[in-house]
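Values below: every heavy atom of this structure, side chains too, minus hydrogens, waters and symmetry copies. First the proteins, then the strands, lettered A, B, ... as listed; each starts at 1.
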Amino acid sequence: MNEILHNALKDFHIEDFQKSLVNWYEAEKRDLPWRRTNDPYKIWVSEVMLQQTRVDTVIPYYNRFLEKFPTLQDFAEAQEDEILKAWEGLGYYSRVRNLQSAVREVAEIYEGRVPENIDEFQALKGVGPYTAGAVMSIAFNKPEPAVDGNVMRVFSRIFSIEEDIAKPKTRKLFEELVKEVIDPENPSPFNQGIMELGALICTPQAPSCLLCPVREHCKGFHEGKETMLPIKQTKKKIKNKKWIAAIVMTDTGEFVIRKRPRTGLLASMWEYPNWERDEGDARNLETFRLSLKEELGMDIQTMEPLTTVKHVFSHVEWEMDAYVVKGLLHHKINSPYLQVQESQLAQYAFPVPFQKMWEAYKNTLVNSGKGS
DNA sequence: CATCCGTGGGT
DNA sequence: TACCCAAGGAT
């Protein structure tokens, strides 16, 4: 066993720790929708939604999702636009496409039953070490580690571990540590207990150590280092990208939208037509007119400034100058473009920056007395 | 291993 | 305002 592990476990009362944690979890756990089921499909859905996403954000999405796709088979048979719409606003959209790909594989290869073998399950798309361990332990009560940010923070403090939790290698260290201390009789409440502790007590800022059920086991607390842990390398600054975009309405009163490429940022989501813009280039607007004319075959009648939308993603920032364009379409437009009635817009999934743009458009209609 | 991939809330 | 953070995974 490696040095850090050996050191961490020295003088650590494993069984007392397990009991204190599991008892606290059973007494204090929140009543969350995915804790009311044993269906591995539903637990799987919850775990994917919860990746890098807060509980309060997930709850309404989870409920709506399972209302729409109650069974694994229902979700396997759904159309891409349907599943993206169900995920709209939740972010990290490849999660839902990977989830469907994985679910379809389960439907076809495993006769619709979620594999109980962790290696088979983790081989599915979108299922990494954390999700595999979480579903195996929570749905099937298997003693597998499920190391997320909570677990690394809580265990960094309990064992006073100063490894950088931003480094991939560190997650493996914590997996080994969990394997040593997990309660083999109660893997599900143990794993969920650590995460619940991280969410309710052992929080990133100002942990409530005086309320902590495992305080007496916490080396970081005893050393007065709990607020110094975990150690995490800071990430670098994000870049800025500038766009010019438009709400385009045709002479027939329809709106022009566009499907984004299958890969990359906001993959397969819908958007309003937009092109990259060069800062300080006076020809931006003229280039924009040309793009609309050439790509859409549109004669522009009016073009008025709408708003500027700023949106910060995980690694890039957008600044979109938005316009409202009205024009004549001479030909049928081609994929990836689509012209739809306003009443049909709601069935297409738009990422947040374009939702902001549409809201601004609706507001101008209301303010100018043209709204409904 | 570093970077890409969303969004909203907290300080 | 400018960060940080939240039940990560793919490439």
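The aromatic ring centres of A/Phe75 and A/Phe65 sit less than 6.0 Å apart. You'll find the ring centres of A/Phe121 and A/Trp44 inside the 6.0 Å limit. Remark: aromatic rings of A/Phe159 and A/Phe155 are close, center separation under 6.0 Å. Taking the six-membered ring where the residue is Trp, the centroids of A/Phe313 and A/His315 are separated by 6.0 Å or more. Ring pair A/Trp358/A/Tyr361: centre-to-centre distance below 6.0 Å. Not less than 6.0 angstrom separates the ring centroid of A/Trp275 from the ring centroid of A/Trp243.
Residues from residues 49-64 of chain A that place a heavy atom under 4.0 Å from any atom of DNA chain B, listed by number: A/Gln52, A/Thr53, A/Arg54.
Straight-line distance from the CD1 atom of A/Ile238 to the P atom of C/dA2: 11 Å, rounded to whole Å. As rounded to whole Å, 16 Å separates atom C1' of C/dT1 from atom CG of A/Asn240. For the pair A/Arg171 CZ and C/dG9 C1', the interatomic distance rounds to 10 Å; values are reported in whole Å. When rounded to the nearest whole Å, the span between CG of A/Leu90 and P of C/dG8 equals 13 Å. Note: CG (A/Asn98) to C1' (C/dG8) measures 12 Å, nearest angstrom. Taking atom NZ of A/Lys241 as the reference point, atom P of B/dC5 lies 9 Å away to the nearest angstrom. One atom, NE2 of A/His311, and another, P of B/dG8, lie 7 Å apart when rounded to the nearest Å. Between A/Glu317 atom CD and B/dC5 atom P there is a gap of 16 Å when expressed in whole angstrom units.
The residue A/Ser46 sits apart from the nucleic acid: no heavy atom pair falls under 4.0 Å. Within the 4.0 angstrom heavy-atom criterion, no nucleotide atom of any strand lies near A/Lys167. A/Trp87 comes within contact range of no nucleotide atom at all, as no heavy-atom separation falls under 4.0 Å. Nucleic acid contact for A/Arg260: none, since no nucleic acid atom lies under 4.0 Å from a heavy atom of the residue. Within 4.0 Å of A/Gly198, counting heavy atoms only, lies no atom of the nucleic acid at all. At a threshold of 4.0 angstrom between heavy atoms, the contacts of A/Arg153 are confined to the sugar-phosphate backbone, with no base atom among them.
Ranking B/dT7, B/dC1, C/dG9 by closeness to the A/Thr131 side chain, first place goes to C/dG9.
Contact annotation: A/His315 side-chain N/O to B/dC5 OP1/OP2 distance is under 4.0 Å.
Both A/Met269 and A/Gln233 sit near DNA chain B, but only A/Gln233 has its closest nucleotide nearer the 5' end. Residues A/Ala267 and A/Gln205 each lie close to DNA chain B; by heavy-atom proximity, the contact nearer the 5' end of the strand is made by A/Ala267. Mapping A/Arg95 and A/Lys232 onto DNA chain C by nearest heavy atom places A/Lys232 at the nucleotide closer to the 5' end. Of the two residues contacting DNA chain C, namely A/Leu32 and A/Lys237, the nearest-nucleotide position lying further toward the 5' end is that of A/Lys237.
Side-chain contact of A/Glu47 with A/Thr131: a donor-acceptor pair under 3.5 Å is absent, judged by distance alone.
Side-chain N/O atoms of A/Tyr92 and base N/O atoms of B/dG6 include a donor-acceptor pair closer than 3.5 Å.
A gap of 22 Å separates the P atoms of C/dG9 and B/dG8, to the nearest Å. Comparing the P positions of B/dC5 and C/dA2 gives an interatomic distance of 23 Å, to the nearest angstrom.
The pair A/Arg30-A/Glu196 meets the salt-bridge criterion, with a side-chain N (NZ, NE, NH1 or NH2) lying under 4.0 Å from an Asp/Glu carboxylate O.
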